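All heavy atoms count here, side chains included; hydrogens, waters and symmetry mates do not. Just so it is clear, the structure is predicted and the values come from calculations on it, not from any experiment.
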Amino acid sequence: MTDRLAGKVALISGGARGQGACEARLFVNEGARVVIGDILDDLGQRTVEELNRGAETRRAAYVHLDVTKLEEWEQATATTEATFGALHILVNNAGIAGQRVSLEEASEEDWQHVIDINQKGVWLGMKAVVPALRRAGGGSIVNISSIAGLVGLGSSIAYQATKGAVRLMTKTAAVQYAAEKIRVNSVHPGYIDTDMTKGMDAARRERVLGLTPLKRMAQPEEVAYGVLFLASDEASYVTGSELVIDGGFTAQ
């Protein structure tokens with residue numbers, strides 16, 4: 001523990017498992033107090049119990065958070081401030097992949113579902129927490145996008161549309177709130193070894209690794225360290241930027 005986030009309070013959406021839970025563990029280890037928001041209540045509570053185990057004081061809390069609902073975002077923000085006294089960091093981590101199909105094959109229902117979670121959810125998160133960050137005298141928002149928000153991957157058009165939107169929403173918010181010392185950046189991971197990629201068939205996995213210069217998937221911790229940097233005061237002059245963590249995938 002090096003206390004890179006000492007004195008900071010963070011809210012992480014989709015933090016019950018996978019990438020979000022990894023970020024929560026790293027943040028706590030670096031001195032932050034963390035509120036996890038998710039719809040997976042049992043898993044979220046277990047993750048929080050793990051984060052608090054052995055600690056002299058409470059380091060983590062859980063809130064039920066459907067990111068498509070503004071009232072739940074507002075409640076999560078209020079709970080964070082009530083529990084830990086302030087809010088300094090938002091990680092908009094929650095997201096889904098949706099159907100991996102072509103433009104013509106994509107259903108309207110799947111399109112809207114992915115848009116609601118991946119795009120609307122990020123907007124609502126920023127909308128809800130900005131007043132709290134303002135009350136804290138500034139802060140950091142880290143929006144998790146994807147390499148799918150930078151280049152065309154040939155499928156999952158709804159997912160790609162949302163991740164591209166996250167990239168530009170991030171830049172717009174960064175410009176709007178810079179004067180209030182609220183920094184907003186996006187992270188663009190490549191293929192990560194999490195539940196989202198566990199179902200990938202062998203042929204597709206081989207193709208992905210063949211297109212990745214480092215010839216492997218990322219571990220969640222490798223992405224979490226990038227999120228940690230942007231959340232911390234080490235990135236005090238970084239806003240409106242894109243941090244690409246993809247093993248070289250988009251460099252070709």
Under the 3.5 angstrom rule, does the side chain of [X] hit a backbone N or O of [Y] as a donor-acceptor pair?
X: Asn52; Y: Arg58; answer: no
X: His188; Y: Ile147; answer: no
X: Gln160; Y: Ala148; answer: yes
X: Glu180; Y: Arg134; answer: no
X: Lys120; Y: Lys69; answer: no
X: Asn92; Y: Val122; answer: yes

Query raised in the report: Salt bridge or not for Arg25 and Glu50, using N-O below 4.0 Å?
Result: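 Looking at Arg25 and Glu50, the cut-off is met.
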Check the hydrophobic clustering (I, L, V, M, F, W, Y; side-chain heavy atoms under 4.5 Å; chains of links allowed) and say if [X] and [Y] are grouped together.
X: Ile115; Y: Trp123; value: no
X: Val63; Y: Leu70; value: yes
X: Val34; Y: Phe229; value: yes
X: Leu26; Y: Ile144; value: yes
X: Leu40; Y: Val35; value: no

Any [X] side-chain heavy atom under 4.5 Å of [Y] side chain:
X: Leu11; Y: Trp73; value: yes
X: Leu51; Y: Ile36; value: yes
X: Ile245; Y: Tyr225; value: no
X: Ile117; Y: Val67; value: yes
X: Asn118; Y: Lys163; value: yes
X: Val129; Y: Ile141; value: yes
X: Gln176; Y: Val130; value: no
X: Phe249; Y: Val244; value: no

Report task. Applying side chain to side chain donor-acceptor pair (under 3.5 Å), name anything that partners Glu49, two or more places apart in sequence or on another chain. Result ->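 With neighbours one apart ignored, the set is empty.
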Could you measure the distance from the [atom1] atom of [X] to the [atom2] atom of [Y]? Nearest 0.5 Å is fine.
X: His64; Y: Gln45; atom1: NE2; atom2: CD; result: 11.5 Å
X: Leu153; Y: Arg100; atom1: CG; atom2: CZ; result: 9.0 Å
X: Thr212; Y: Arg207; atom1: OG1; atom2: CZ; result: 12.5 Å
X: Glu23; Y: Asn93; atom1: CD; atom2: CG; result: 4.5 Å
X: Thr162; Y: Arg167; atom1: OG1; atom2: CZ; result: 14.0 Å
X: Asp42; Y: Thr47; atom1: CG; atom2: OG1; result: 10.5 Å

**Report entry** Ser186 to Leu230 - nearest heavy-atom pair and separation
**Finding:**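 Minimum heavy-atom contact is O-CD1, 4.3 Å.
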Query - Closest heavy-atom pair and its distance - Ser145, Pro189 - result: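 Heavy-atom minimum between the residues: O-CD, 3.5 Å.
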Which residues satisfy the side-chain contact (heavy atoms from CB on, under 4.5 Å) test with [X], sequence neighbours excluded?
X: Ala251; answer: none
X: Lys181; answer: none
X: Arg183; answer: Ser140, Asn185, Ala235, Thr239
X: Asp110; answer: Gln99, Ser107, Val114

Requested in this report: Please list, chain by chain and in numerical order, all residues satisfying ring-ring contact (aromatic ring centres under 6.0 Å, His included) with Phe84, sequence neighbours excluded.
Outcome: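 Applying ring-ring contact (aromatic ring centres under 6.0 Å, His included) to Phe84 gives none.
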**Report entry** Between Tyr62 and Asp41: side-chain donor-acceptor atoms closer than 3.5 Å
**Finding:**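 Yes, Asp41 and Tyr62 have a side-chain donor paired with an acceptor closer than 3.5 Å.
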Query raised in the report: Can a donor-acceptor pair be found between the side chains of Thr77 and Glu81 at a distance below 3.5 Å?
Result: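 Absent: no donor and acceptor within the cut-off.
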Query raised in the report: With a cut-off of 6.0 Å (strictly less than), are more than 12 heavy atoms of other residues, nucleotides or ligands near CD of Glu108?
Result: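 Atom CD in Glu108 is not crowded, with 12 or fewer foreign heavy atoms closer than 6.0 Å.
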Query raised in the report: More than 12 heavy atoms of other residues, nucleotides or ligands under 6.0 Å from CD1 of Ile39: is that the case?
Result: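 Result for CD1/Ile39: open.
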Report task. Please report the C-alpha distance between Asp233 and Lys8 in whole Å, then the side-chain angles of each, then the deciding distance to 0.1 Å, and finally whether the salt bridge (Lys or Arg N to Asp or Glu O under 4.0 Å) criterion is met. Result -> CA-CA 10 Å; Asp233 291 339; Lys8 305 291 189 183; 3.3 Å; yes
**Report entry** Test log, rule side chain to side chain contact (heavy atoms under 4.5 Å, CB included), inputs Thr170 and Glu242
**Finding:** CA-CA 9 Å; Thr170 295; Glu242 305 158 2; over 6 Å; no
Report task. Would you check, one step at a time, whether the test side chain to side chain contact (heavy atoms under 4.5 Å, CB included) holds for Ile96 with His113? Result -> CA-CA 9 Å; Ile96 60 171; His113 186 50; 3.4 Å; yes
Query - Chi angles and distances behind the side chain to side chain contact (heavy atoms under 4.5 Å, CB included) call for Leu209, Met217 - result: CA-CA 7 Å; Leu209 296 181; Met217 290 190 179; 4.2 Å; yes
Requested in this report: I would like to know whether Arg4 and Leu228 meet side chain to side chain contact (heavy atoms under 4.5 Å, CB included); could you show each step before the answer?
Outcome: CA-CA 8 Å; Arg4 293 169 70 185; Leu228 169 65; 3.2 Å; yes
